[in-house]
Each structure stands twice: as structure tokens, then as C-alpha cells.
*Asks:* 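Attaching a single structure in C-alpha cells format; questions to follow.
Worth knowing before you read on, the calculation uses all heavy atoms, side chains too, and leaves out hydrogens, waters and symmetry mates.
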Amino acid sequence: MLALSETSPGFLCHLFRRILPQARQEIQRWTQAARAIPDPELRCQALASLTDKRFHADGGCVYAALAPTGPANLVRLIVALQTISDYLDNLCDRCGELDEENFRQLHHAMRDAVQPEAPLRAYYALQTCQNDGGYLAALVHTCQEEVSRLPGYAHAKTHILWLIERYCELQQYKHIAPNLRRQRLIRWFEQYQNRFSDVYWWEFCAAAGSTLGVFSLFAAAQRPLHPSRAEALFQSYFPWVCGLHILLDYWIDLAEDEEHGDFNFVACYPTWSEAYRRLQQFAKKSHESVRQAGGRLHHHIISGLFAMYLSDQKVRATPSIRPLRRFIWRLGPKTWMFYSACQIYRLIR
């Protein structure tokens, strides 16, 4: 017999009544901390990341619905790690820096956050603006504290470190000078091409940019975890679920990125038809892979990805991406339900 949280309505009820209010409290806590940052530029970017990218943290907290008996610690961990990710992304994107070593130094915060024993470093050492009043260090410390409490973390850690390292490398390379970016990313992918021969280089990059694989392993590690279970989750999320996540994200930002001259992975496809075909392939492979890993709620998360991104107002407003809404009707009643829930979320958040 299914637990209530494993049914689609039960999952949504648990998410809206318990998980998202806890996520909101955590985001408010970090917003208060960001307002106290002494440096005006760092304060601006921290607050912008919490405001404009809040749905990233909310979306990540869906994984707390996998642990209905006590999700508060997992919500705290996910919000803190996603806040680091979004804040550093803003610093790399908006502060006029193009130094690869600076990006690497900043992202040591992500590496240290998932290693409880790691000492804190001078993350801003190569950054022009440095005085954040301890904001980034507090985020890292919160992650370390919560990670150390996960009973199954020892068997999840190897995979989490691999995913975090790929994430940090991507951020390091994709923010360098535009004329160098593409070739640098291609060279990076060549190191992994034999292992991930069924994806294009930009699809690998997209998968590396997702934190969902890390969050799924956090959720699994809330209980004692067998190494085979950790391996199965890793294999199902990377590259398929992680790639689907970021490809959808880049799809809805196509027009915006083109306007601002920002690099977009979906724009790497040779034709629109190939882009649609590959998105369908990622959706199919995602469902197949999580079925092998086990866990009905992971299927909910895949449906939720389509619902969240395709309910964005940019989809309706942009003719080139409007046809993506067809996926909602193809994916069936469960996705329709999640789509409606995401529209409600966008109204109340």
C-alpha cells in the first residue's frame, strides 16, 4: 500500500502544507543575513539571488517530501546549498569578472559545504569585493553541520563530491570570456566523453549544472544507505534527470539569453527539431532510469520539472518556446495536476 506522500495529491499536499513553509522560513533567514552584508555589491547580488532565484531553493526542497517524518534539517541543508549556488552564480555573472581562477576560488565554498571536516577558506581572495560580513562562511557552515547529521552520508559522499566537482568546474569555465567559453567547455567534456558517449558535449555541461543529483542523495542519506542504492541514484540522475532539469531551464531563457548575449546550451543544437527530439529523449531516459533506481516520488519530480518550467510566463510570451507546452499534454494527468499546482505556487510565492 502506498504512503499518502507517494500519491500525487498526497505529495502536493505535503509539499504545500509542510515543506514550502519551512523553505520560506529558511529563505527569510538568509535574506535577513544578506541585508547585513557590509559591501554594497555583494549585498546587492546576495539579495538578488534570493529574490530572483528563490524558486530554485523551493524546487530543491521537493526532496524533503521524500522524508515525511522529519524534513526540517533537509530543508535547511538544501536551501543553504542552493543559496550558495545562486549567490556565486550571480557573482560570476554580474560583477564584471572574467578570471577563471577567481571563479574556482569562489566555488571552493561549494566544495567545502559538502565536506563536514573541511576548514573554511578565503573564498573572496581573488575577488574585488570581499567584505560580506561572514555571509558565505555562515552558509557553508550550515551545510557542513547538516551534512554531518545524515546517517547515510558516508556512502553518498563519493557521488556527491563528484557531482559538486563537476558543478564547480562548469561554473569556472562557462563564465570566462565569451570568445573562449565554447572551446574550453568542449575540452573539458573530452575528459568524460568515453564514459558519457550518449550525450552531446553541451548536454553533459547542462547536466553538470544541476544540483538535483546532490539533493536526491541528501534525501536518501537521511537513513542508513547501502552503496548500491547510492550508485543507482547517481546513475539515474546523471546525466538524465540533471540534464533534463537544466535543458528545460535554458529553453525558457532562450530569448532572454539571446538578447543579453549570454551563452545558452539549447542554442547549441543544430536544429529546433533536434532540440525537441533530444528533450524527449532526456524525458524518456529520466523516467526509465529512476524506475530502475526505485522510488515513485522521483517520477513525481520529473513531472514536476516540466510543470514548473513550462508554467513560467516566459513560455507563453516567447513564440520560439511556446510549443514546449505540448509536453504537458503528452505526459498525462499527473503532470497536468503538477502544472496546475505550479501555477498556484507562482501566484502565492
Side-chain angles (χ1 to χ4, degrees), residues 52-60 62 82 85-86 89 93 167 170-171 174-175 178 181-182 185 189 196 198-213 237-287 289-290 299-332 334-336 338-343 345-346:
D52 301 339
K53 300 179 179 181
R54 172 183 158 179
F55 80 95
H56 292 167
D58 283 344
V62 168
Q82 189 60 52
S85 168
D86 292 336
D89 191 52
D93 264 339
Y167 176 88
L170 173 70
Q171 302 306 316
K174 82 165 187 169
H175 288 103
R181 210 171 281 164
R182 185 184 184 96
L185 290 170
F189 169 65
F196 300 101
D198 44 2
V199 297
Y200 293 122
W201 68 265
W202 60 88
E203 293 171 340
F204 175 85
C205 293
S210 173
T211 48
L212 295 190
Y237 268 79
F238 196 95
W240 302 116
V241 180
C242 291
L244 178 66
H245 170 210
I246 301 301
L247 288 173
L248 283 168
D249 189 53
Y250 274 87
W251 264 105
I252 67 166
D253 286 341
L254 266 171
E256 188 177 308
D257 288 346
E258 184 177 1
E259 180 183 345
H260 292 97
D262 292 335
F263 191 81
N264 188 296
F265 293 130
V266 173
C268 293
Y269 287 105
T271 64
W272 288 116
S273 60
E274 176 66 357
Y276 282 115
R277 186 187 73 80
R278 289 298 290 173
L279 192 63
Q280 288 176 304
Q281 179 75 349
F282 267 81
K284 178 184 176 184
K285 288 285 192 180
S286 292
H287 278 295
S289 61
V290 298
H299 290 285
H300 292 345
I301 286 164
I302 295 167
S303 296
L305 284 174
F306 278 98
M308 173 60 79
Y309 282 104
L310 300 186
S311 63
D312 193 293
Q313 62 181 0
K314 286 184 279 191
V315 176
R316 291 187 179 184
T318 310
S320 63
I321 60 175
R322 201 176 299 147
L324 277 181
R325 285 190 296 168
R326 295 173 190 159
F327 277 100
I328 294 294
W329 308 113
R330 290 176 186 166
L331 291 169
K334 181 170 69 177
T335 307
W336 306 345
F338 289 154
Y339 182 78
S340 298
C342 287
Q343 289 181 314
Y345 162 79
R346 292 183 184 281

*Asks:* Hey, can you tell me if Tyr309 and His245 have their rings parallel, tilted or perpendicular (30° and 60° cut-offs)?
*Replies:* tilted

*Asks:* Which pairs pass salt bridge (Lys or Arg N to Asp or Glu O under 4.0 Å) with one or both residues in residues 201-211, sequence neighbours excluded?
*Replies:* Glu203-Arg278

*Asks:* Please enumerate all residues that pass side-chain hydrogen bond (donor to acceptor under 3.5 Å, both in side chains) together with Gln281, with sequence neighbours excluded.
*Replies:* none

*Asks:* Determine whether Ile301 and Tyr237 make a side-chain contact, defined as any pair of heavy atoms from C-beta on separated by less than 4.5 Å.
*Replies:* yes

*Asks:* If the condition is side-chain hydrogen bond (donor to acceptor under 3.5 Å, both in side chains), which residues does Arg277 pass it with, not counting sequence neighbours?
*Replies:* Glu274

*Asks:* Applying salt bridge (Lys or Arg N to Asp or Glu O under 4.0 Å), name anything that partners Glu256, two or more places apart in sequence or on another chain.
*Replies:* Lys314

*Asks:* Can you sort out the partners of Lys174 under side-chain hydrogen bond (donor to acceptor under 3.5 Å, both in side chains), two or more places apart, ordered by chain and number?
*Replies:* Tyr250

*Asks:* Going from CG on Asp253 to CD on Glu258, what distance comes out if it is rounded to the nearest 0.5 angstrom?
*Replies:* 12.5 Å

*Asks:* Mind checking whether Phe196 and Phe238 have ring centres under 6.0 Å apart?
*Replies:* yes

*Asks:* Salt bridge or not for Asp198 and Lys285, using N-O below 4.0 Å?
*Replies:* no

*Asks:* Is the distance from the ring center of Tyr269 to that of Trp202 below 6.0 Å?
*Replies:* yes

*Asks:* Taking ring pair (Phe, Tyr, Trp, His ring centres under 6.0 Å) as the definition, give me every residue that meets it alongside Phe282, ordered by chain and number, with sequence neighbours left out.
*Replies:* Trp240

*Asks:* So, for Ile246 and Gly209, which heavy atoms are closest and what is the spacing to 0.1 Å?
*Replies:* CD1-O, 3.6 Å

*Asks:* Rounded at 0.5 Å granularity, tell me how far CG in Leu305 sits from CG in Leu248.
*Replies:* 6.5 Å

*Asks:* In Å and rounded to the nearest 0.5 Å, what is the SG to CZ distance from Cys268 to Arg182?
*Replies:* 5.0 Å

*Asks:* Could you tell me which residues satisfy ring pair (Phe, Tyr, Trp, His ring centres under 6.0 Å) with Tyr167, sequence neighbours excluded, listed by chain and number?
*Replies:* none

*Asks:* If the condition is side chain to side chain contact (heavy atoms under 4.5 Å, CB included), which residues does Ile302 pass it with, not counting sequence neighbours?
*Replies:* Val241, Leu244, Ser286, His287, Val290

*Asks:* Mind checking the CZ-CG spacing from Phe265 to Leu185? Nearest 0.5 Å is all I need.
*Replies:* 5.5 Å

*Asks:* Under the rule for salt bridge (Lys or Arg N to Asp or Glu O under 4.0 Å), what residues qualify as partners of Asp249, not counting sequence neighbours?
*Replies:* none

*Asks:* Looking only at non-hydrogen atoms, find the nearest pair between Asp257 and Asn264 and report the distance.
*Replies:* OD2-ND2, 2.8 Å

*Asks:* Mind listing the closest non-hydrogen atom pair of Ala207 and Cys242 along with its distance?
*Replies:* O-CB, 3.4 Å

*Asks:* Under the side-chain hydrogen bond (donor to acceptor under 3.5 Å, both in side chains) test, which residues partner Asp86, sequence neighbours left out?
*Replies:* His56, Gln82

